[in-house]
Structure formats: C-alpha cells, structure tokens
Asker: 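Before I ask anything, here is the structure I am working with.
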Amino acid sequence: MSSKLKGFQFNQQSLQLNYEQGKLELTVLTPGIVHVFQDHGRARNSYAIEGNKQQKTKVNVLDKGDHVELETAQLLIKAYDDEKLDVYDSLGNPLIIDYRGSRQPLASDLDAEHRKTVLAEGHSVADELHHESHYYEVVKTLAADEQFYGLGDKTGFLNKRGYDYDNWNSDVPQVHTEATTKLYKSIPVVYGLKNGHPYGMFFDNTYQSHFDLGKESEHYYFYSAIDGNLDYYILGGHSLKEVVANYTYLTGRVPMPQKWMLGYQQSRWGYSISQERVEELAEKFEEYELPIDVVHLDIDYMHGYRDFTWDTKKYQHPKEFVEQMRKRGIRLMPILDAGVKEDPDYDLYQEGLEQGYFVKNPDGTVYVNAVWPGKSVFPDFGRPEVRAWWAKHVKFFTDLGTCGIWNDMNEPASFNGPLPENLEFHDEEQISDHRRMHNVYGHNMAKAAYEGLKAETGRRPYVITRACYAGTQKYSTVWTGDNQSLWSHLQLSIPQLTNLGLSGFAFAGTDIGGFQADATGELLIRWLESALFVPLFRNHAALGTRYQEPWAFDKQTLNIYRKYLNLRYRLIPFLYDQFRHETQAGLPVMRPLVLNCDHDPQARSINDEYMVGTSILVAPVVTPQTTKRLVYLPAGEWIDFWNHASYAGRQTIVVDAPIDKLPLFIKANTILPWGCKTMHVSDKPDQIMTFRVYGECGSYMHYQDNGLDFAYQDGEYNEYYVEVDENGQALVELTKHGYGPNYQKIYVETADQRLEFNYDEKSGECKIFCVNF
C-alpha cells in the first residue's frame, strides 16, 4: 500500500515525517546516532538504554521536493514516500538503503503434509512468513561487497552474511552448530561494512525478532519482529571502531572489574557436592603450583536446589569454610538459578508468594513449571520491587564472604515445556506478558544481583549471567553457555567471543575445555592457549564427563597448562589496562581483526585469530594434530613473542606451533606491562612493575588503582607514562598520583638492557637507579 510523504515538522533535533498511513520520527542523539521510531501502541521504555543520551548537535533539514533530508556532521538521511529511508555517510557513501522491491521467500517443495512428517522426525523447518497483526519487517538493500558482524554470541563464523538468526533467549541442549539460530542471549545490534564503509543498527525491541542477513536473497537483508514498536538506532562513524563506540555509548560500557576477576577460575558441576571435594581441589592446585583465584560452586552446594541456601549437611560451617578458602587465596563463586522452589516451608517462596512477586497465569494464579528444585515459580524481575527484594537477599552470600553471583537458567529455562506467551509479567510498573519480557528476564535478574552486591559490599560486583539482552554488560559478565568438548566448539569460540565484544560485552568467556562431552588433553591445551587473553578465564565441565583439571591427563599436559597459567598472570596488568581503555573508549578488549583493520579486505572474515587491543595478535591452533599454521599479519611490523623474529605485515606466514606453543605476535615498538609471578591476585597493591619493550622504542600509559572498589571514579588512581626512544633512553613519569600506594620500583626491559627506576618520595619522581646489560 502506497503511503505518500505529506509533510514534516522539525523541532530542535527531532524530525517528524507525516505519511498518509502514519508518522515516522527521526531523533538525532549525536552526530553519529539517529533514533528511528514509529509508534505501534507498545511500551516505549528501554531496558538497554539508561539516561538521556542526547547531545546538542547541529542538524540541517531540507525539503528536496520528492524527499526530505536530515544531515549531521556524520550522517545524511533521505526520507521518501512509503516510509523509505536511505542513509549515507558524510562523504555521500551509501550505508543503509531501504529495499524497494518485495521479499521473495526461499523456494521450498515442502507442503503441509510433509511439513508435519519432517517436524515429527525431529528435523528443523524454516519458519513461514508471519501474519500476526503486529508483525513488521525492515528490509534493506544488500550490496555485493557487504559484511555483517555483531548479534552477540550467535554461533557460526565471524562474518554473518548469508545466515539467519532469531532473538529469543533459549536453553538449547543440542550440539550448537553454525546452523543454530538462537541461544541464550538476544543482542539485536548488527554492524555492516558496505563497500568498505561502516555502519550499525540497533533494534531496541524485546519481542521475538529475526535477522536474515542475505540468506533469503542476494539482493536484500531484513529484520522482522512479531510485535513491538518500530524502534531502532542508526549508528555512524568514520571507522568501525567509531560505530562500535557509538553503540556502547548508547547502551553502556563494561565497568572496571575487580582485578582478581581476570585470574584463573576452575569449575565443574559436581565440585560442590561436599566441602571435602572443594578442599581437595584447592590442595591439588597448591601441590602442582598452579595459579588460581576462583572456584565456582554449581547447584549441589544448595539445600535441595533452593536459592539463597547452603546445605549444612555437606558444609557444616559455610562461613568458616569460605574464610578458610579465602586464606588459601581462593574465592568461591556460587550459582543462583531463576526458578524458586515451590515449598511452603521455604522463606523465599513464602515471601514472594505473600507479596505477589511471582509470574502469574492469566487467571491470576501463580505459574508453576519445573527446574532443578522440582516444581518452581519465577520471580517477576520486570518489577522494580521484585528486583529490590531479590537484591536484599544477596546479603545471604555477602555475609558468608563469597565473591559474587553466577546466574543460570535465566532465559528462563524450564523442564516442563517453555513458559506460555500469555503469562502475566510486569514491564516496570505496567502489566505485560511473557512475549515482551522474556528476552530481558536474565537482564533484570543480573541487574538485581549487581545492585545487591554493590549495596552490600561497596565493591565492583562480580555477576555472571547466561541469558541477557543489549545493555546487560553494565551489570554482568557473560559466558557462552553449555558448549561441548569438541574441536568445532573451540573453533566457534573465537567468532562468538569477538562478536560479543563488538556487541558491548567486553568481559566474556567460554567454558575452557568444553562443558559437555569428554575433552582430550590436546583439546584442553589448545583451548587454554586460545583463551589466554579471554577476560573470563574459566575451565568448566559437566557432571559425568571426563575430568578436565590440569592434572587429569599426562605430565606434559600439566606442565603446559602451568606454563600458560603463569603467562596469564604475567599479563593481567596489561589486561587490566585494556579494561581501563574500554571504559573510556567503549571498545572491546578481545577484538576481531576487522575492528582494527576495517580497510583491509583480508581481515574481514578471519575466524581463527583475534587481537587484544591494537598491539597483540593471537593465532591459536584450533584443529587436532596440527603443528604448523598459517597466520595473517595485518599492516605494520610484527614480532614473534617467543623468539623475537620480526615480520612485515599485510602477508600470511607459516608458523611452527607444537603443542606447547601458542602463535603470538606483538606489534613492533610496543611496550607491555609484565606482572610478577604469583599464585593469586593479591588485594594488596603491587610494589614492583616491569615494562617490556618489543622493538626499538615505544611509549605506554599504564593505569593503577586499588583493583577492588569504585574509588577510581573519584580520581583515586595513578597513571604512569613509560617511554623508550630510538637510542635506548628511557623515561618513567607518574603523570597522575591520585592513589596513595604507588610502585616503589619499576623496571624497563629492552633487547639489550634492563633499567631500574626507584620512586623518590620527596620529588614524586621515578629516577633511574641502575642499568643492567
């Protein structure tokens, strides 16, 4: 149906386009962010975006006769009849162009009778076009040279072109493959490179939605949703980095973690079966001299799988036990599930029931399904009162001294079939339904845990969540869920984690070694090597699978494992610096090559390498019985971490990669902080720091704070500027001294000398003490 553009009104930074069939609103938030909105009668509040993100921006609006133009310093949007929008960058390069034709669904010979048979046999069938009254779709023109990234941790390759995906948080027990369209998270942000020019779109709609990124047609891609307002953001920028930074400005940036959160973490469903089992684990790490900071406790520590309980038959004195483990340098991280056991003698259930805090059936009765505790009910986390109630119960854990909360089963998952769509949930104070609130259930649960931990401890909360929505990165770390001990899942982990980073989740991880199935020693080592710079550095396995602790295999496996744990701890100061940069620039720590090199066509579809910041390139071995691999080096000069051999960029090289070697390259003239060897990350400030120079010269800004609380936000931090010139002359300056404890001794190591700097209390300067050749 044709809908002519009849006129427009422009007020400050908002343009209202008046069509025969309705209105379309374009609101400029910044020069690189424009909000597109059409009211479909649904709630407008956002769970992803908090606070006013609009900045004063110069905007030009012109009536061109057959269309209206809105222009900022970075974007040009042309509005035509039929609600068509075409988006260009400031140089006139097309970015997002509405498709003028009609969709042509993929041809299929599947009739209704055979469809039933195929489904009955367990095969998947592509969804037919929706015809619900509130269904809508946004169809854009697809260029021959166009790549897609983002979408959170969807499986498959880095470049999502040619595939389709669903946004409906789902616990998928089957083996995850590149054909898996939905998993635990819904993060509907997509980035594109059209003929090398970057852009992004964020669709802020919590209802079930779908992306087809060129699977159906080589001429278009589209987004569709079963319900909700038309509500999306156009993201511009001169580079892909700027586009990603605009997205994280909009939805929020990962806060600084506590420093120990970057240490090694060990987990297995089954450890928490008894206090003795956990103690035995700690003893083994000590015996084999393996660094560790956290042990995770899965569901067995609870009393009958009840949330906010601890089984005192398995642990006679939980608080004393937690304290004993902490003295050994190990923090304990308990799991918490979304389903609350239906039990009249259980205080949490009784409180929630009396207050009306659980999800209800349409007739007003409390909805009951089954999860680990058996019959279970579900807190209505969309209500502020319920989040506050849940947050207060977090005191149970903080009183015991545990280090955070690991949220699981919060898609929400259930054992007796999925939750019905017509259940009564709350959307803040308004009554809503499951269709609207499903994809933000995990988000709201994570927010409640974050706020409870922050209020009780005053420290940076450690929350992990399996399910989430865009913006959850402000409150929680994530992991990619129930992967398997398969080489294919090791291969999937790199594009999953790098796309999560592009989608705002700078602190993410995957279960090292695989959660389900049985790892081999070779797979475990290659996975550990691959995860060396992954922020959430956790080995996790399922009950009943082969043990995959470092000592579970042969001596060689144990020794290599120890080597890479020690290396990880040396690199924690660098990773911590990267998180500081992330909070300021909004860019991920772990990056696909394309983020740093979006003008390099070779970098746009590399699935088995990643970068850390801009100076480290990691090229893991992700196939069995492989001792050599090809490595693509982007522009610049690169230095082999192990033997210091130098290579020119923009070429592919052959690298030796025996089982104990992770191919690792440092950009020439880079300075890296190098931490002291340690078994645990200490809460006490470091006294010594070393800076290593890769190449002939370089400069580096290093960050230091107490690694625990939010005092850094009030300026309680130090910054050190380290510089080495071409003649080997070194300089260390404490450029900001807002945090009392500072390094008393700093070493700068070049290829041929080791310089020692001592801090002078009187002058506040770092002065060279001696030079070692």
Side-chain angles (χ1 to χ4, degrees), residues 40-50 132 134-136 152 166-171 182-188 202-210 225-231 251 336-340 352 355-369 371 376-391 407-414 417-451 465-476 478:
H40 292 180
R42 294 298 185 252
R44 295 190 62 160
N45 62 299
S46 172
Y47 286 91
I49 302 168
E50 297 183 8
E132 290 91 340
H134 292 282
Y135 170 84
Y136 70 87
D166 294 301
N167 292 303
W168 186 252
N169 292 356
S170 302
D171 179 9
K182 57 188 174 184
L183 278 174
Y184 313 95
K185 303 167 186 66
S186 294
I187 309 170
F202 167 50
F203 292 85
D204 193 8
N205 185 349
T206 66
Y207 287 90
Q208 184 175 353
S209 61
H210 180 78
I226 64 167
D227 207 333
N229 301 313
L230 176 65
D231 189 348
T251 61
L336 197 63
D337 286 342
V340 172
Q355 297 295 326
Y357 284 166
F358 298 126
V359 170
K360 295 180 176 62
N361 291 301
D363 64 4
T365 59
V366 173
Y367 174 75
V368 180
N369 202 306
V371 202
S376 302
V377 296
F378 299 87
D380 187 359
F381 287 118
R383 290 180 66 186
E385 304 95 318
V386 177
R387 293 196 297 271
W389 167 68
W390 195 262
N407 286 338
D408 196 16
M409 305 294 287
N410 55 347
E411 289 72 34
S414 53
L419 277 63
E421 291 186 350
N422 63 350
L423 293 181
E424 180 183 295
F425 285 69
H426 274 76
D427 181 1
E428 297 301 318
E429 300 294 349
Q430 301 298 314
I431 294 176
S432 186
D433 61 20
H434 184 216
R435 299 192 316 150
R436 157 76 172 161
M437 301 306 296
H438 175 90
N439 281 337
V440 289
Y441 193 85
H443 170 92
N444 285 323
M445 184 181 181
K447 183 177 181 180
Y450 178 92
E451 292 176 343
T465 185
R466 188 170 75 175
C468 67
Y469 182 68
T472 310
Q473 68 267 14
K474 298 186 290 289
Y475 307 112
S476 182
V478 297

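Side-chain atoms are counted along with the backbone in the values below, which use heavy atoms only and exclude waters and symmetry mates. All residue numbers in this chain count up from 1 along the given sequence. Quantities reported herein were computed from a predicted structural model and do not represent experimental measurements.
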Asker: Identify, with sequence neighbours excluded, every residue that meets ring-ring contact (aromatic ring centres under 6.0 Å, His included) alongside Tyr450.
Answerer: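 Scan of Tyr450 (ring-ring contact (aromatic ring centres under 6.0 Å, His included), adjacent residues dropped) gives Tyr475.
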Asker: Would a 4.5 Å heavy-atom cut-off, applied to side chains only, mark Trp390 and Val340 as touching?
Answerer: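 They are in side-chain contact.
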Asker: Which residues pass the side-chain hydrogen bond (donor to acceptor under 3.5 Å, both in side chains) test with Ser414, sequence neighbours left out?
Answerer: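 Checked Ser414 against side-chain hydrogen bond (donor to acceptor under 3.5 Å, both in side chains); zero matches.
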Asker: Considering residues at least two apart in sequence or located in another chain, which fulfil the side chain to side chain contact (heavy atoms under 4.5 Å, CB included) criterion with Pro420?
Answerer: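 For Pro420, the residues satisfying side chain to side chain contact (heavy atoms under 4.5 Å, CB included) (neighbours in sequence not counted) are Tyr367, Asn422, Leu423.
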Asker: What residues, two or more places apart in sequence or in another chain, satisfy side chain to side chain contact (heavy atoms under 4.5 Å, CB included) together with Gln473?
Answerer: Thr251, Val254, Phe505
Asker: Compare all side-chain heavy atoms of Phe425 with those of Asp433 and state whether any distance is below 4.5 angstrom.
Answerer: no
Asker: Under 6.0 Å between ring centres: does that hold for Phe378 and Phe358?
Answerer: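 Between Phe378 and Phe358, the centre distance exceeds or equals 6.0 Å.
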Asker: Are the side chains of His438 and Asn169 in contact, using a 4.5 Å heavy-atom criterion?
Answerer: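 With C-beta onward as the side chain, the pair touches.
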Asker: Excluding sequence neighbours, so at least two apart, what forms salt bridge (charged side-chain N to carboxylate O under 4.0 Å, His left out) with Asp408?
Answerer: Arg466
Asker: Less than 4.5 Å apart, any side-chain heavy atom of Arg44 and any of Asn229?
Answerer: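 Arg44 vs Asn229: side chains touch.
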Asker: Test of understanding: with side-chain hydrogen bond (donor to acceptor under 3.5 Å, both in side chains), list the residues that count as partners of Arg387, not counting sequence neighbours.
Answerer: Glu428
Asker: Output all residues satisfying salt bridge (charged side-chain N to carboxylate O under 4.0 Å, His left out) with Glu385, sequence neighbours left out; order by chain, then residue number.
Answerer: Arg383
Asker: Kindly write out the residues that satisfy ring-ring contact (aromatic ring centres under 6.0 Å, His included) with Phe203, not counting sequence neighbours, or none if the list is empty.
Answerer: Phe211, Tyr223, Tyr232
Asker: Would you say Lys447 and Lys474 make side-chain contact, with heavy atoms under 4.5 Å?
Answerer: no
Asker: Please name all residues satisfying side-chain hydrogen bond (donor to acceptor under 3.5 Å, both in side chains) with Tyr469, sequence neighbours left out, ordered by chain then number.
Answerer: Asp204
Asker: Could you report the tightest heavy-atom contact between His40 and Gly228, atom names first, then the distance?
Answerer: ND1-O, 3.1 Å
Asker: Can you find a heavy atom in the side chain of Arg42 that is under 4.5 Å from one in the side chain of Tyr207?
Answerer: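 Arg42 reaches Tyr207 side chain to side chain.
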Asker: So among Trp168, Tyr184, Tyr441, which one has a side-chain contact (heavy atoms from CB on, under 4.5 Å) with Glu411?
Answerer: Tyr184
Asker: How far does OG of Ser432 sit from CG of Asp380, to the nearest 0.5 angstrom?
Answerer: 9.5 Å
Asker: What pairs with Arg436 under side-chain hydrogen bond (donor to acceptor under 3.5 Å, both in side chains), at least two apart in sequence or on another chain?
Answerer: Asn45, Thr206, Asp427
Asker: Is there a donor-acceptor contact under 3.5 Å from the side chain of His210 to the main chain of Asn167?
Answerer: no
Asker: Kindly say whether Gly417 contributes a backbone atom to a donor-acceptor pair with the side chain of Asn369 at under 3.5 angstrom?
Answerer: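 Answer holds: yes.
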Asker: Working to the nearest 0.5 angstrom, can you tell me the gap between Thr365 OG1 and Glu424 CD?
Answerer: 10.0 Å
Asker: Once you round to the nearest 0.5 Å, how far does OG of Ser170 lie from NZ of Lys185?
Answerer: 11.5 Å
Asker: Show the numbers, then the answer: is there a side chain to side chain donor-acceptor pair (under 3.5 Å) between Asn205 and Ser209?
Answerer: CA-CA 8 Å; Asn205 185 349; Ser209 61; over 6 Å; no
Asker: Considering non-hydrogen atoms only, spot the tightest contact between Ala470 and Phe202 and give its length.
Answerer: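 In this case the closest contact between Ala470 and Phe202 is CB-CE1, 3.6 Å.
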Asker: What distance do Glu421 atom CD and Arg435 atom CZ have between them, rounded to the nearest 0.5 Å?
Answerer: 6.0 Å
Asker: Quick one: side chain to side chain contact (heavy atoms under 4.5 Å, CB included) partners of Ala446, sequence neighbours excluded?
Answerer: Asn407, Val463, Thr465, Thr472, Ser476
Asker: I need the minimum non-hydrogen distance between Cys468 and Val478, along with the two atoms involved.
Answerer: SG-CG1, 4.0 Å
Asker: Determine yes or no for a side-chain-to-main-chain donor-acceptor pair under 3.5 angstrom, with Tyr357 supplying the side chain and Phe381 the backbone.
Answerer: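 Answer holds: no.
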Asker: Name all residues meeting the ring-ring contact (aromatic ring centres under 6.0 Å, His included) criterion together with His426; count only those two or more places apart in sequence or in a different chain, and write none if there are none.
Answerer: none
